[in-house]
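Below: the structure, in structure tokens.
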Amino acid sequence: MRGHGETLSEKVLARASGLEEVVPGQIVEGNVDLAMMHEQGAQTVAPFHQMGAEKVWDPERVVIAIDHWVPASTEGAAVLHRILRKFADEVNLPHFYDVGRHGICHQILAENGWVVPGDLAVGTDSHTNMLGAMGAVATGIGPTEMAAVLALGHLWLKVPPTVQVRVRGHFGPGVTAKDLVLKILGEVRTTGGQYKAVEYAGSTVAGLSMPERFTLCNMTTEMGAKTGLVAPDQKTFDYLAKIAKHPMHPLLPDPDASYERLVDIDVDGMPPMVACPYSPDNVRPLPDVVREHVKVDQAFLGSCTNARIEDLREGAALMKGQKVAKGVRFIVSPASTAIYEQCLAEGIIETFTEAGAVFTNSSCSACFGGNMGILAPDEVCASSSNRNFPGRMGAKEARIYLMSPAAVVATAIKGEIADPRENA
Amino acid sequence: MQPIIEGRVWTLGADVDTDQIISGKYLTIIDPNELKKHVFEIALPEFAKEARPGDILVAGENFGCGSSREHAPQAMRAIGVGAVVADSFARIFYRNAINLGIPTIEARGVRSLFSTGETARVDLPRGRITNVSSGKFLEFPPLPTHLLELLEAGGLVEKVRRELERNRSAGTVRS
Ligand code: SF4
């Protein structure tokens, strides 16, 4: 179907740049609705001053959330945090999620309503794509570019062509949005979304909850895409009803929108999936991997992809009354302080610690190999995060398998890669 | 930025992600001169010691995928990399590198045109990369004007500095 209507990202970018319409390939100046920085934002400060900028274009549209090393686990991280605190004071940025109110930056944006339908949001992190689940164009930029955004409030963007991923069917037991996005990655591959927008549509996507849509859009980054979006609907509005920080401009793709490519996915009968080393698109059905008896040294339930309360609840339900296998280090890290508190209230922390897991404070934790839970050479890790490139979680020889939270818990219990449906 | 760039080539494979360019453990380093000691530690271990200013990197598909860490192109700039040419780039790396003023060129098929140690000549306005050692060449779509201007200014910092200055003097004229 190649019509003449506009896709969702085209509409959002037209709105952001004050144009009637835009076409793929066009370079536009987009006005930013929300700018987010984490520790990498410390590198924004020097270029901001070098540019001769004196003030931030709109302090009410800027969020700082530290998350990679919280509380600071190295002297270097402590310095980054201090640079950001000082900068926030100097240029008067009130929305700083510092230690104690902290969380993974994308989760902080989501749960506090910082990104709403129709927004153009940018962040100094590649998984800023996650916020596309709000029906927004949300994308990662570097810290120098962020300095320009802070100074001017706009940035150049090339309008991307759109790939539409249409999903139909119902998830079977033990199958989740994570398995769906892994399945899509297996089809689209890590280069299939390069410079493109990925629009998720179809009855299955309409049926996903907001947290599930966050997981889906989060891993659009692994497809190489500029942004991943879900058209806003009643679920989006309900989620944002009490928390939206600024007015919404809900936009929908035209029924005759012109897509560069259509990808059809049917989840009926789809098994859980797993991304094997060393690429998020090296995806296989989980039962095939289970048959190979892959022993693990570590299991990680965390990251911006899958550490929301729904993920931890589901994990705790499987963990209840079970033990972490001997020889396995199981790390559980909620995505935000609010989720941590919720886990405390629901007894989830107790369930995990009683089973022999380490339940940590909220941060990126073991996800990126620079903070904690670092892997030694040749170790194997089952993870609910989003990347398994060489060296991602420590030693470059370490092997990371990406899977759903339920599969991570099943694996922690069994000591080798396991199918959560066996424990159900 | 010179319109024609010539330099010694280092080749890299496909899917070299930013973790392989600057590993996660160095992310708290801010000083580019410190960072450059660790560049390509995983993908090309001898590079940090042996690279000379003006050397050209030639990579396969999806160069710079993974984290949005600007440390990667910053370390390359600190080394003085003359240009990065690849079959294709990951988008954030591409933006970061251009914003830092590094000529970053997508030329499909370039990886198979070169071996490490050969000499490349990149003609930016014309959109042509030549293997001076073998005489073979390849055309690529020239960069859009917007990006050429960015490179000519020496990167985004300089470009925005000029823009802010213009705004300020325009403000003065009006008041
Ligand atoms: S949890 Fe992992 S992927 Fe997400 S922002 Fe943190 S380091 Fe990046």
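Lettering follows sequence order; numbering is per chain, from 1.
Using a 3.5 Å distance cut-off with no hydrogens or angles, the side chains of B/Y94 and A/Q194 do not pair a donor with an acceptor. With 3.5 Å as the limit, one finds a donor-acceptor pair spanning the side chains of B/Q74 and A/Q43.
To the nearest 0.5 Å, atom CZ of residue B/R69 and atom CZ of residue A/F368 are 8.5 Å apart. To the nearest 0.5 Å, atom CG of residue B/D87 and atom OG1 of residue A/T191 are 11.0 Å apart.
Of residues 27-35 of chain B, those residues lying under 4.5 Å from chain A by any heavy-atom pair are B/L27, B/T28, B/I30. Contacts between residues 54-62 of chain B and chain A, counted as heavy-atom pairs separated by less than 4.5 Å, involve B/N62.
The minimum heavy-atom distance linking B/R91 with A/K226 is given by the pair CD-CA, 3.2 Å.
Neither the backbone nor the side chain of B/F93 comes within contact range of chain A; no heavy atoms are under 4.5 Å apart. Both the backbone and the side chain of B/L156 come within less than 4.5 Å of a heavy atom of chain A. For B/L147, the part lying under 4.5 angstrom from a heavy atom of chain A is the side chain only.
Taking the six-membered ring where tryptophan is involved, the planes of B/H146 and A/W156 are tilted, since the angle between them lies from 30° to 60°.
Counting only distance, with no hydrogens or angles, the side chain of B/D19 and the backbone of A/R392 share no donor-acceptor pair below 3.5 Å.
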